[in-house]
Amino acid sequence: MTSLTDRTIEALRAERDDLAGVAAGLTGAELAGPSGASEWTAAQVLSHLGSGAEIALAGYQAAFTGRPTPGDGFNEQVWDRWNALAPAAQASEFVTQDEALVAELEALSPQQRETITITFPYLPDPLPLGAVLAMRLNEAAQHGWDVRVGIDP
C-alpha cells in the first residue's frame, strides 16, 4: 500500500506531465492571451508555477540535506528573473523547473517521504512533507486549470 505522500507525489507527476504537454503546445498568442487568473496571461501563470517550483525546490533541498533555507531576498530574486523572461521562455522554463521539482521528490526514499518536515518562517511548527506537497498539488491543479481554461473556455 502506498502512503498519502506517495500518492501526492504521483498526482504532482501526473499534473506536471499534463500541463507540460499543454505548455509545450501553446502558441505565442495563447501564451500572451488570457488565463483563468484574471490578472495574468497564460505565460504569467506558468511563470508563477515555475518560479514557485524553483523556490519550493530550494526549500525542500535545504530540509532534505539539513542546510539552512535560502536567505532573505531569495524569493524576490527568483520572481524578478522569471518576470523578466519572454512568454515562451516562461513556458519552457516552467516545464524544466517543475520537472526538477517532481524528479527530486520521486527520488526520495519511502522513509524520507514519511519523516522529512519543512519549516516555514510564518508557521509555529514544521509541517510533514506530505502536507506541504498537498499544498503544492492544490496550487498546481488550480493554476493548471487557469492555463487550460484560457485556451479552452
Side-chain angles (χ1 to χ4, degrees), residues 4-65 67-108 116-123 126-153:
L4 180 57
T5 302
D6 295 336
R7 293 190 308 275
T8 304
I9 292 170
E10 290 169 5
L12 282 165
R13 166 57 70 194
E15 177 61 27
R16 181 256 168 237
D17 289 351
D18 185 67
L19 187 56
V22 170
L26 294 175
T27 67
E30 289 169 329
L31 286 167
S35 73
S38 63
E39 302 293 319
W40 287 342
T41 65
Q44 289 169 321
V45 173
L46 293 169
S47 177
H48 173 72
L49 285 171
S51 63
E54 182 177 341
I55 291 166
L57 182 58
Y60 298 169
Q61 286 174 330
F64 301 163
T65 62
R67 293 188 329 248
T69 57
D72 288 341
F74 175 76
N75 293 7
E76 290 79 5
Q77 291 172 355
V78 170
W79 293 327
D80 288 346
R81 187 168 29 78
W82 279 82
N83 289 338
L85 294 174
Q90 289 174 324
S92 66
E93 287 299 311
F94 156 74
V95 171
T96 300
Q97 193 59 52
D98 210 45
E99 173 59 32
L101 173 64
V102 174
E104 183 85 9
L105 296 170
E106 290 171 333
L108 295 173
I116 288 174
T117 59
I118 308 292
T119 300
F120 292 91
Y122 50 85
L123 294 178
L127 292 176
L129 180 63
V132 174
L133 297 183
M135 291 188 293
R136 175 67 187 178
L137 179 58
N138 180 61
E139 182 169 31
Q142 287 183 343
H143 288 308
W145 181 87
D146 288 334
V147 171
R148 291 177 187 94
V149 75
I151 59 171
D152 184 9

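Note that the coordinates shown come from a computational prediction; the quantities given were computed from them, not determined experimentally.
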Side chain to side chain, [X] and [Y], heavy atoms closer than 4.5 Å:
{"X": "V22", "Y": "I151", "answer": "yes"}
{"X": "L105", "Y": "T8", "answer": "no"}
{"X": "Q142", "Y": "N138", "answer": "yes"}
{"X": "I118", "Y": "L129", "answer": "yes"}

Looking at [X] and [Y], what are the two nearest heavy atoms and their distance?
{"X": "L137", "Y": "A11", "answer": "CD2-CB, 3.7 Å"}
{"X": "Q61", "Y": "T65", "answer": "O-OG1, 2.8 Å"}
{"X": "V132", "Y": "Y60", "answer": "CG1-OH, 3.4 Å"}
{"X": "S35", "Y": "V45", "answer": "OG-CG2, 3.4 Å"}
{"X": "T69", "Y": "A62", "answer": "CA-CB, 3.8 Å"}
{"X": "A63", "Y": "I116", "answer": "CB-CG2, 4.3 Å"}

Say you draw a straight line from [atom1] of [X] to [atom2] of [Y]; how long is it, rounded to the nearest 0.5 Å?
{"X": "D6", "Y": "L133", "atom1": "CG", "atom2": "CG", "answer": "10.5 Å"}
{"X": "D80", "Y": "N75", "atom1": "CG", "atom2": "CG", "answer": "11.0 Å"}
{"X": "S92", "Y": "L26", "atom1": "OG", "atom2": "CG", "answer": "11.5 Å"}

R16: partners by salt bridge (Lys or Arg N to Asp or Glu O under 4.0 Å), with sequence neighbours left out: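 For R16, the residues satisfying salt bridge (Lys or Arg N to Asp or Glu O under 4.0 Å) (neighbours in sequence not counted) are E99.
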Just to verify, what does E106 make a salt bridge (Lys or Arg N to Asp or Glu O under 4.0 Å) with, not counting sequence neighbours? R13
For residues 49-59, tabulate all N or O donor-acceptor pairs below 3.5 Å that involve a side-chain atom, not counting sequence neighbours.
from: S51; atom 1: OG; to: S47; atom 2: O; distance (Å): 2.9
from: S51; atom 1: OG; to: H48; atom 2: O; distance (Å): 3.2
from: E54; atom 1: OE1; to: R81; atom 2: NH1; distance (Å): 3.3
from: E54; atom 1: OE1; to: R81; atom 2: NH2; distance (Å): 3.3
from: E54; atom 1: OE1; to: W82; atom 2: NE1; distance (Å): 2.8
from: E54; atom 1: OE2; to: R81; atom 2: NH2; distance (Å): 2.4

Test item: D152 side-chain N/O and R148 main-chain N/O as donor-acceptor pair under 3.5 Å: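 Judged by distance alone, no pair lies under 3.5 Å.
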Can you tell me if E76 has over 12 outside heavy atoms packed within less than 6.0 Å of its CD? yes
